[in-house]
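Let me begin by presenting the structure, written as structure tokens, before commenting on it.
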Amino acid sequence: MIYNNHILLTYNNIYRAVDKCGRMIPVPYNSIVCAAAGGGAREPLFRNPSSSASVYLLQFNCNRRRINTNNRRNNNNNFMDSNNNMRTESYLRHVDSRKLMPNGAGHIPHLKAVILGEALASEEDDLVLPSKEFSDQANVHSPEQYMEMYKRSIEDPDGFWSEIASQFYWKQKWGEKVCDENFDVRDGKIKIEWFKGGITNVCYNCLDRNIEAGLGDKVALYWEGNEPGLDGSLTYSQLLNQVCQVANYLKDIGVKKGDAVIVYLPMINELPITMLACARIGAVHSVVFAGFSAESLAQRITDCKPKAVITCNAVRRGTKPILLKDIVDAAINDSAKDGVSVDVCLVYDNPVALKREDTKWTQGRDIWWQDVIPKYPSTCPVEWVDAEDPLFLLYTSGSTGKPKGVLHTAGGYMVYTATTFKYAFDYKPSDIYWCTADCGWITGHSYVTYGPLLNGATVLVYEGVIYFKTEIYCNLFICMMELEKMNPTDFEIELISLSIGSLVDAKKFKAIISRRQKLSPGLSVIKAPNYPDAGRCWDIVDKYKVSIFYTAPTLVRSLMRDGEAVRYLYALMFTVYLCAIDLRINAFGFWIRYVTRYSRKSLRVLGSVGEPINPSAWRWFYNVVGDSRCPISDTWWQTETGGFMITPLPGAWAQKPGSATFPFFGIQPVIVDEKGVEIDGECSGYLCIKKSWPGAFRTLYGDHERYETTYFKPFAGYYFSGDGCRRDKDGYHWLTGRVDDVINVSGHRIGTAEVESALVSHPQCAEAAVVGVEHEVKGQGIYAFVTLVDSVPYSEDLRKDLILTVRKQIGAFAAPDKIHWAPGLPKTRSGKIMRRILRKIASRQLDELGDTSTLADPNVVKQLIEFSDS
């Protein structure tokens, strides 16, 4: 099939033309129809371009469930399969979903994004309804049931939360007041108290209570190691025994109720075990992500003055060893210079990553976990604490780069995280739950450890790293043996290497083909961006029969990106590779390990956390990963909130891709203007919370003034989230990102999210991050960091096309002033983009980048600086 003298490629009804230089050219669908209907003599599939200038159709298949072309098509060009399930023609960016509006919901008008929070109207028209089968068994099965519960939680919060709290064990019930709060700085000091006077213990409710209920033999934790084949499990009884041993050790070294313990461990079972052990004896744990620099760790040690630091000698992330003990040693030395000494450093011996004898050691301070913990009794009495006693400290980055010590207390946090987990994930006792977050972040606290265990759930803990990059397996050994026989020219070698450069090590490839290096089966040619392969995530889902999968939008967008890269790369590779040297297709053993290679039949609920998920990524997550049957809990919450604030309840109502939908029980979100005036109905502005909730943080450790200034003074009488939000005419909430990411261009306040959404709507844009920079004329200019789909080259034409895309979708005022090519974006392991770093790069304030050790890949910053003038 030919289109304008270009090779026409098709993959699941997505068409691209490839010119002789390998560039991808979008093709209108009606042009495809005309080309397909043209007929004519059948030509050979491949031909050496040196003997003919003709170009030919290349068509590839993937192991994906397809729709029978005989199935009926609805008026919006979508297919309905035999079960009346809507299946879109394209799983990717431009899904033309059927408009399924619930009773009372109207069509959302197309709005111009001219003020804070307004998203692209074209991305919010779709509604996805839960199946009747899912809704019938859901914990909240209808909008009516939700409204009944929500109304009570607002009108009678004391009764609502008292009833839920009574389901947990309390040594002593709380006093007359369930909630005592002052939310208004004008009325004095900010105060939030829930269940004050109630005496309980979170560890007891996580473990002892469930064992007493008959769950002692149920698996509490599955553990999957970095290396395939390394795994394990702990029942609730076994977990309690190990928690008690650690608790007894901590007591023995002098850790008491209220004392701080720094935990710097990777994702091994010993991490949640240590958290629970601290909670059992009333100690305050402060988990620090085992990836922070020594400087960052030292800041936290100096601030909270721990009685002990618990770490691991090393960990492997993929094939790379991380020497955690060396980082801890440097941090302890730095904090000592500030007058804070650490007398005990408990070190877990991880022989897979580092031999014990190779671990640096300080006698008298350091002690091996395995040498002491097993010697302690497996029972430990509970330290009963007041509901308002501190449970943990978790440091989060501030806008100035100085970490803030967020303090959560025992009672309210326990009740709130357990309740949000139960309803937002529609938890059932038979579920296997996997959250990909690290316990170094709030998600790992609330929805890896406490929330699931309080519900008696089975949790999967994964030590390794999900790199979120699809790897393609090629039988290159066979290919290269064939190429050796053909003795290709230097030009052909260079052409082939360029065409598959993102797939293999190009230098080794050229060396082999030109016979400058001996070919051997053991030669490492294929790049390995994931470990041990890109299917690890879905292999784990199938292995453990995971039913609830909670992850970051970064994973979804990366899979989308690499899915398109696979198609582009294969198209170009076949075009140049096969045509140039006339190999037959059966000389290859190509295949793709992608999401659909794995069953994933156990999945029933998906979740998204960390940042707003754009509608196209939401649809892809739903259609491909969830196989168009798994509701998505697109949750909005913060480290400070302790648990979900605005979230879908699976089975209760229709979802709009990209919308966090409606508030959780007891949450009163309001949208205010710049003057702090509440706006009703369809609107956009600043997201605030009107009343307190049980899981709210109580202060910033040692700095209550900063707590009030940051969260309660911007809009007196409200908790200010720092996020922008839009509410549509149906009441759905759309989070648009941090308001410090709002750009004021010539008087137009533009949320960065809508510009980013417009950019990623371009088929060759994989991801975008937008920040504001000073502009001498407009006040602020729009500076866009753009990551392209793999194998798509940077070009001035593409730069102009991206700017034009924003102009068309939003308006000329929103057109980026600068497109900065970005091989990657600076993100934490939880998937959050560090926009503070992007602002410094955009403003050329390179000496003020601050700490970059929290990034999943710190090298990204160097790459971005190198691309500054490109």
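Fair warning: this is a prediction, and the values are worked out from it, not measured in the lab.
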Any donor and acceptor pair, going by atom type alone, linking the side chain of [X] with main-chain N or O of [Y] inside 3.5 Å?
X      : Y      : value
Thr635 : Ser608 : yes
Tyr701 : Tyr395 : no
Thr709 : Arg706 : no
Lys305 : Thr302 : yes
Gln638 : Ser721 : yes
Asp386 : Gly197 : yes
Asp389 : Gly258 : no
Ser446 : Gly642 : yes
Asp438 : Gly440 : yes
Thr200 : Trp170 : no

Once you round to the nearest 0.5 Å, how far does [atom1] of [X] lie from [atom2] of [Y]?
X      : Y      : atom1 : atom2 : result
Thr551 : Leu606 : OG1   : CG    : 10.0 Å
Trp734 : Thr736 : CH2   : OG1   : 12.0 Å
Arg835 : Leu825 : CZ    : CG    : 8.5 Å
Ile837 : Leu846 : CD1   : CG    : 11.5 Å
Asp680 : Ile671 : CG    : CD1   : 10.0 Å
Ser286 : Ile262 : OG    : CD1   : 4.0 Å

Candidate pair Met645 and Trp693, rule side-chain contact (heavy atoms from CB on, under 4.5 Å), full reasoning:
CA-CA 9 Å; Met645 302 289 280; Trp693 60 99; 3.6 Å; yes
Does any non-hydrogen side-chain atom of [Y] lie less than 4.5 Å from one of [X]?
X      : Y      : value
Thr647 : Trp637 : no
Glu181 : Lys691 : yes
Thr417 : Leu454 : yes
Ser684 : Arg727 : no
Leu855 : Val860 : no
Val771 : Thr752 : no
Thr805 : Ser761 : yes
Val284 : Leu391 : no

Check this for me, if you would: do [X] and [Y] make a salt bridge, where the nitrogen-to-carboxylate-oxygen distance has to be below 4.0 angstrom?
X      : Y      : result
Arg152 : Glu163 : yes
Lys151 : Asp156 : no
Arg698 : Glu388 : yes
Lys177 : Asp158 : no
Asp180 : Lys196 : no
Arg300 : Glu295 : no

Residue Gln845 excluded, over 12 heavy atoms near CD under 6.0 Å:
yes
Glu705 CD: over 12 foreign heavy atoms closer than 6.0 Å:
no
Suppose we screen for side-chain hydrogen bond (donor to acceptor under 3.5 Å, both in side chains). Which residues come up paired with [X], at least two apart in sequence or across chains?
X      : result
Glu678 : Lys690, Tyr718
Thr699 : His704
Asn455 : none

Using ring centroids (six-membered ring only for Trp), state whether Phe662 and Trp653 fall under 6.0 Å.
yes
Trp161-Phe665 aromatic ring centre distance below 6.0 Å
no
Between [X] and [Y], how do the two ring planes meet: parallel, tilted or perpendicular, split at 30° and 60°?
X      : Y      : value
Tyr686 : Phe715 : tilted
His445 : His285 : tilted
Phe425 : Phe644 : perpendicular

Do His820 and Val786 pass the side-chain contact (heavy atoms from CB on, under 4.5 Å) test, and can you show the C-alpha distance, the side-chain angles, and the key distance before you say yes or no?
CA-CA 6 Å; His820 184 133; Val786 172; over 6 Å; no
Heavy-atom pair of closest approach, residues [X] and [Y]:
X      : Y      : value
Cys304 : Leu393 : CB-CD1, 3.9 Å
Leu394 : Trp441 : CD2-C, 3.8 Å
Cys439 : Val287 : O-CG1, 3.4 Å
Ser153 : Gly666 : OG-N, 2.8 Å
Ala696 : Ile192 : CB-CD1, 4.2 Å
Pro143 : Ala652 : CD-O, 2.9 Å

By side-chain contact (heavy atoms from CB on, under 4.5 Å), Asp184 pairs with (sequence neighbours left out) Asn182, Arg186, Asp187, Ala716
Using the test side-chain contact (heavy atoms from CB on, under 4.5 Å), find all partners of Pro714 that sit at least two apart in sequence or belong to another chain.
Phe720
For Phe168 and Phe195, what are the C-alpha separation, side-chain angles and deciding distance, and is it a ring-ring contact (aromatic ring centres under 6.0 Å, His included)?
CA-CA 12 Å; Phe168 300 93; Phe195 311 112; 9.4 Å; no
State whether Tyr732 and Lys656 meet the cation-pi test: NZ (Lys) or CZ (Arg) under 6.0 Å from the six-membered ring centroid, and within 45° of the perpendicular axis.
yes
Is there a donor in the side chain of [X] and an acceptor in the side chain of [Y], or the other way round, less than 3.5 Å apart?
X      : Y      : result
Ser692 : Trp194 : yes
Trp618 : Asp634 : no
Tyr447 : Thr420 : yes
Tyr550 : Thr443 : no

How would you list, by chain and number, every residue that makes a ring-ring contact (aromatic ring centres under 6.0 Å, His included) with Tyr711, sequence neighbours excluded?
Phe697, Tyr719
